[in-house]
Amino acid sequence: MSDYRAASVKPALPSGMRDFGPQEVGRRRYLFDTMRQVFERYGYQPLETPVMELLSTLEGKYGEEGDRLLYRVLNSGDAFARWKEQHAEVRLGAFSFPLRDITEKGLRYDLTVPFARYVVMNRHRLAFPFRRYQIQPVFRADRPQKGRYREFYQCDADVIGSRSLVHEAELIKIYDDVFTALGIRVTLRINSRKVLLGLAQHCRAESRFTAFTVVLDKLDRLGWQGVDEELAAMGWTAEQRSELHALLQLQGNNLQRLEQAEHRLRQTAAEEGCRELRQTLHWLHALGEPVQQVVVDFSLARGLNYYTGIIYEVASAQGTLKSSLGGGGRYDDLTGIFGLSGVSGVGISFGADRIYDVMEELNLFPPATVAGTRILFCCMDEAAMLWSAPYLTALRQNGLAAEMYPEPEKLQKQLKYAHARNIPFAALVGEQERTSGRVTLKDLNSGQQQSVPPEELYEKIK
RNA sequence: GUGGUUGUAGCUCAGCUGGUUAGAGCACCAGAUUGUGGAUCUGGGGGUCGGGGGUUCAAAUCCCCUCAUCCACCCCA
């Protein structure tokens, strides 16, 4: 028999990973349930995919940076040991070696790419347009910091197989419904990649489009001056930069700014982008004006480079966490890489962990998110425990959460436990109760006690 | 991946320029209260001072390395 206690290890978690205690789970469940309800109300169907995907599915989808942040899983068995034997002369880390020999799987980085993979694999089974939602953890080997974790939940809703802008408007409604239900005031910014592309065309800077969007995305952090400098460093002329500045400086409401932008960027992709944005706003109006603030913002860019049409981003309007609570957009050809081209999709994502952080900071969680134990049987001796057991079961059968303290400990200790667990009622059972056939029901909040027949417990405390 | 911050009891932290057996609050356990929780009082258990190496008669304290943490950058939910 091995002495497993000899080698005691310091308990710890891998960096960026977290446990969720009972209260946190309750609150997270409340968050997820809220989203689930809204998603389903809009006709989205649930989907789950595995944590692990083939690296061939994941690699190259998130840009160079994304590949670096992929968690790679070592092949199981002795693949690595075999590899080392075969390459005994190679010193690990001395120079790059074919990773593929020892790792062919990775943890999912987001939910969109696995969704695209699923759609392609099941295309004959699905009714298009296919709407699905997915609430699952994703993994990024990033360095953790405030509002950034290595394992975090994304809550995605996507519809694939339709170009209709009704979806764009409905997704805004979903954002609106969820954040309104949760009680968070947010700002929802929308833009179109086509407007940005049009601007790049107008400035004859199409070749550096992706780099341009990455810089533009930093506007709220760096301010115009910072963006201006970075673009200058990238080789943008003063004229090109002032053109961009003018676009960002447009005044008026959403529709007015769209009109001006369209006017400025004639004969480019921006015309279509503006038209689509306007159309989306029309649909939104028809579906019902949102409660939350919706702003057309030409500086919104989004890093992920698969977006091609309208893009979204949500940020809290209150609290200290300024980073994004969610985002999304339309991608014209996400399934193309898996061999199914010409299928357009649009989707949004909620960052549950950040939403959690914001709600906690602003104290927005309802007081009781989990229904805990309602009554604790506190027994003086084993005979009392046996006597109580059937009543315990009866309460449970009636759907009430009930517990019995597992030892005939001192009452003091048992009541302390009830108090610590926030259990509102205690049924005290000792010799007196057994002989009289009535239990002493104690209300832990008021401290009052009454003698009741055990059959009436349910009615008294339900 | 880059830069910085902080690691002392289960938790939050104190420990001055190196100097006896490393402290406090909260939490925990026991008792005051042999069938009554929250309050109070009394007592108690708990620490490889993140780990390794070095300087020194002497290191929680100074130096180096390492690990972890948090924050920022990059990037993103």
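Numbers restart at 1 for each chain; the letters A, B, ... are given by sequence-line order, proteins then strands. What you are looking at is a predicted structure, and each value in this text was computed from that prediction instead of being measured.
- For the strand RNA chain B, secondary-structure stems (runs of at least three Watson-Crick or G-U pairs, all distances below 3.5 Å) span B:1-4 with B:70-73, B:10-13 with B:23-26, B:28-32 with B:40-44, B:50-54 with B:62-66.
- For A/Lys61 and A/Glu53, the salt-bridge test fails: no basic side-chain N is under 4.0 Å from an acidic carboxylate O.
- Residue side chain A/Gln414 does not reach the base of B/U36 through any donor-acceptor N/O pair under 3.5 Å, judged by distance alone.
- Within 3.5 Å, no donor on the side chain of A/Gln412 pairs with an acceptor on the base of B/G31, nor the reverse.
- A/Gly447 comes within contact range of at least one nucleobase, with a heavy-atom separation under 4.0 Å.
- Residues meeting the salt bridge (Lys or Arg N to Asp or Glu O under 4.0 Å) test with A/Glu433, sequence neighbours left out: none.
- Within 4.0 Å of A/Gln145, counting heavy atoms only, lies at least one base atom of the nucleic acid.
- A gap of 15 Å separates the C1' atoms of B/G50 and B/U5, to the nearest Å.
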inquiry  = Applying salt bridge (charged side-chain N to carboxylate O under 4.0 Å, His left out) to A/Asp158 and A/Arg132, what does each step give before you reach the verdict?
reply    = CA-CA 6 Å; A/Asp158 291 78; A/Arg132 76 84 233 233; 2.3 Å; yes

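- Where stacking is scored as ring centres under 5.5 Å apart with planes under 30°, A/Phe152 registers as stacked on the base of B/A77.
- Between A/Tyr417 and A/Tyr405, the ring planes lie perpendicular to each other; the angle is over 60°, past the 30° to 60° tilted range.
- Look at the P atom in both B/G46 and B/U40: the space between them is 26 Å, to the nearest Å.
- Residue A/Lys218 places at least one side-chain N or O closer than 4.0 Å to OP1 or OP2 of B/C74.
- B/C57 and B/G15 are spaced 23 Å apart, taking the C1' atom of each and rounding to whole Å.
- As rounded to the nearest Å, B/C75 and B/G10 have P atoms that lie 41 Å from one another.
- On a pure distance criterion of 3.5 Å, no polar donor-acceptor pair joins the side chain of A/Arg140 and the base of B/C76.
- Taking 4.0 angstrom as the limit, A/Arg221 places a side-chain polar atom (N or O) nearer than this to OP1 or OP2 of B/C74.
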